[in-house]
Number of protein chains: 2
Amino acid sequence: MRILIVEDEPTLGQQLKSTLEQNGYAVDLSTDGEDGHFLGSTEEYDAVILDLGLPEIDGLTVLGMWRKEGRKFPVLVLTARDSWSDKVAGLDAGADDYLAKPFQTEELIARLRALIRRASGNTSSELTAGDVRLDTRSGRVTLKGEPVKLTAQEYKLLSYLMHHKGKVVSRTELIEHIYDQDFDRDSNTIEVFVTRIRKKLGAEVITTIRGLGYSLDDPADQPRA
Amino acid sequence: MRILIVEDEPTLGQQLKSTLEQNGYAVDLSTDGEDGHFLGSTEEYDAVILDLGLPEIDGLTVLGMWRKEGRKFPVLVLTARDSWSDKVAGLDAGADDYLAKPFQTEELIARLRALIRRASGNTSSELTAGDVRLDTRSGRVTLKGEPVKLTAQEYKLLSYLMHHKGKVVSRTELIEHIYDQDFDRDSNTIEVFVTRIRKKLGAEVITTIRGLGYSLDDPADQPRA
DNA sequence: CCTCGACGATCAGGATACGCATAAATGTCC
DNA sequence: GGACATTTATGCGTATCCTGATCGTCGAGG
C-alpha cells in the first residue's frame, strides 16, 4: 500500500515516513502544500496523511482541491491542537479521519490501517480468499490454517490484491501501489513475485488475464468457475 | 515495560521512579500536569501512575483529556487521602485502578503488574511460550523448568515480547517500550539483546521477520509449523 | 489445424541491504 | 577500583530483490 504524507515539519515527516515504511508501506513525503497537492493529483495513493498547518497553501485548501478534482483516496487529517473548529472544517472538506497532534505513532498506524480497509470495502482486518487468509493487523498469512512465510514484497503484492479481490489489476497499477515514487517502471519484478507467491500459496490463487493484468478471486464468490 | 509517573512531590516521585526501575520498568517522571499530559500524549506507555493532587492542572482533568484524545493506556490513580468522592470521580474519568496515600510500594508494584497484564489481554501472571516461562511477579525466567539468569535489559525485551505473543513487533516499538524518554533511536542494542536472549533460551524462541521486526510465537498455538 | 508473434512464466546470477555475531569501549553499581 | 551490564563499532554471512535471458503458452490469422 502506498501512502502520501504532507507535513511541513521535516523531522516529524521523516520520522513518520520511516515508521510507516517499517510497517510495510511505500511512502512519499512532501513538505509543502503545493508539491503535496501535485503528488496527490498525479500519483496513485491508498491513503493520504495531511497536516492542516501548512505554510503557503492551507491543508484544508489542498484537501478541497483534491475532492473537487474527484480524488477519492481516504485522508487522515493532522491538526496542531485539539481545536474543535478545525475538526469540523476538516470533516466538512472531506477528511475521512482526524488525529490531534501530538499523537502516538501506534494509533496513527491503527487508524491508517482502518482507513485503507474501509476504503476497499472490507469490514474486517482479516481478508480471506479460498484457503488463504491475511491478517492486516499482525501481518500474517496462512494457507489452510498453516502459517506461510512471505517476504516484504511478496506480502505487499498479495495484500494489494486481497484488498481488491475480484478486480482485474494491471501490472502498472501494482507497481504504482507497492513501490514509491522513484522506481523503474519497466521491469518484470511483478511477474517474479507473482510466481513466488503462486509457489507458496498454490497457482490457483492468482489468475492471469492476458493483456490486462492479474486478478485474485475467491472461489466462494463464484459457485462454479 | 515503560511507565509514566505524574507526581508533584519530587521526593515521592523520585523514590517511586527508582523503585520501579529496580523492578525492571523504564520510567519517565513528570512533576506537573501540563508536562505530564504532553508526555502521555506523545510517548508510548504501558501504564501511567497519576497523582490527583497536582498544582496548576488537576490530575482528573489530565486524565479526562487523555481519554478524550483516545489514549488507552491503563491509569493507576493516587490520591492524598482515602476520600470516597475522589475515588468515584477518578473511576468516572477513566481510571483503571485506585490507590490511597500513603501506600506500600509492594502494593503499588503488584497493582501495576496486574494492570499491564490485563491491558495486554493476559489473565495469568505467568507467561509461557514453548519451553520458556516468565513469572511477572518474581521476575524469574525458566527454560524447561530450569531457571535462567537474564540481565535487566534482556528481561525487559523478553517481557515485552511475551506480553505481545504472536504480534510482529518492530524495532522502534521495542525501543519505545523498554527505554525511557531520552535514548538514541538508531543504535543496534536491540539486535545485541536478541542475540543474547537466543543464546540463553534457544534461537527458536524469537523469530525474525526481515524488514519488519521480531515476533515471539508459541508453538502450542500453531499445531504444526 | 498449424504457425507465428506476443505476452507471460520461470530460472539463475549478481548486487545489496539487512540482521548477526563478536569484540572493544563505555558506563554503572557495590 | 573491580566486576558486571550496557552500548558502540565493525566485519561477515545471507535472505531478499532485481536483472536479463530463456522457455512456455495462449490466441489470432492464414
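Keep in mind it's a predicted model, so treat the numbers as computed, not measured. To find a chain, count down the sequence lines: A is the first, B the second, and so on, and within it residues start at 1.
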**Prompt:** Quick one: are A:His163 and A:Tyr160 in side-chain contact, heavy atoms under 4.5 Å?
**Reply:**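 No; the side chains remain at least 4.5 Å from each other.
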Heavy atoms only, 4.0 Å cut-off, all strands: where does [X] land among base, sugar-phosphate and nothing?
{"X": "B:Arg198", "result": "sugar-phosphate"}
{"X": "B:Thr151", "result": "sugar-phosphate"}
{"X": "B:Tyr155", "result": "nothing"}
{"X": "B:Arg196", "result": "base"}
{"X": "B:Lys199", "result": "sugar-phosphate"}
{"X": "A:Val194", "result": "nothing"}

**Asked** What distance do B:Leu99 atom CG and B:Asp51 atom CG have between them, rounded to the nearest 0.5 Å?
**Response**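 Going from CG on B:Leu99 over to CG on B:Asp51, the span is 11.0 Å.
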**Message:** I'd like to know if the side chain of B:Arg171 and the backbone of B:Ile190 have a donor-acceptor N/O pair within less than 3.5 Å.
**Reply:**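 Looks like no, no N/O pair under 3.5 Å.
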**Request:** Indicate yes or no for a side-chain donor-acceptor contact from B:Lys167 to the backbone of A:Gly139 under 3.5 Å, with no hydrogens or angles considered.
**Result:**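 Not a single qualifying donor-acceptor pair exists.
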**Request:** Just grab all the side chain to side chain donor-acceptor pair (under 3.5 Å) pairs involving residues 25-35 of chain A, residues at least two apart or on different chains.
**Result:**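 Found A:Arg2-A:Asp28, A:Asp28-A:Tyr45, A:Ser30-A:Asp35.
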**Prompt:** Which of these, B:Leu216, B:Asp217, B:Ile178, B:Val205, sits in a side chain to side chain contact (heavy atoms under 4.5 Å, CB included) with B:Leu161?
**Reply:**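 In the set B:Leu216, B:Asp217, B:Ile178, B:Val205, the residue that makes a side chain to side chain contact (heavy atoms under 4.5 Å, CB included) with B:Leu161 is B:Leu216.
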**Item:** Position toward the 5' end of DNA chain D (nearest nucleotide), A:Leu150 or B:Phe193
**Value:**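 Counting from the 5' end, the first nearest nucleotide belongs to B:Phe193.
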Are the charged groups of [X] and [Y] less than 4.0 angstrom apart, N to O?
{"X": "A:Glu7", "Y": "A:Lys101", "result": "yes"}
{"X": "B:Glu126", "Y": "B:Arg137", "result": "no"}
{"X": "B:Asp135", "Y": "B:Arg140", "result": "no"}

Can you list, pair by pair, the side-chain donor-acceptor contacts under 3.5 Å of residues 13-20 of chain B, counting residues two or more places apart and other chains?
{"unit_1": "B:Lys17", "atom_1": "NZ", "unit_2": "B:Glu21", "atom_2": "OE2", "d": "3.3"}
{"unit_1": "B:Lys17", "atom_1": "NZ", "unit_2": "B:Val27", "atom_2": "O", "d": "3.0"}
{"unit_1": "B:Ser18", "atom_1": "OG", "unit_2": "B:Gln14", "atom_2": "O", "d": "3.4"}
{"unit_1": "B:Ser18", "atom_1": "OG", "unit_2": "B:Gln15", "atom_2": "O", "d": "3.1"}
{"unit_1": "B:Thr19", "atom_1": "OG1", "unit_2": "B:Gln15", "atom_2": "O", "d": "2.7"}

**Request:** On DNA chain C, check which nucleotide each of A:Arg210 and A:Asn188 is closest to and give me the residue with the more 5' one.
**Result:**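 Its nearest nucleotide lies further toward 5', so the answer is A:Arg210.
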**salt bridge (Lys or Arg N to Asp or Glu O under 4.0 Å) contacts in which one or both residues fall within residues 201-210 of chain A, not counting sequence neighbours** =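 Residue pairs with at least one partner in residues 201-210 of chain A: there are none.
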**Item:** Bending between helix ends of the helix from C:dC1-D:dG30 to C:dC30-D:dG1 [5 pairs per end, 10° resolution]
**Value:**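 Answer for the end axes of this duplex: 30°.
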**Leading and trailing nucleotides of DNA chain C with any atom under 4.0 Å from heavy atoms of chain B** =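 The contact span of chain B on DNA chain C goes from C:dC18 to C:dT22.
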**Item:** Heavy-atom contact window of chain B on DNA chain D, given 5' to 3' at under 4.0 Å
**Value:**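 Taking any atom under 4.0 Å from a heavy atom of chain B, the span is D:dA5 to D:dT16.
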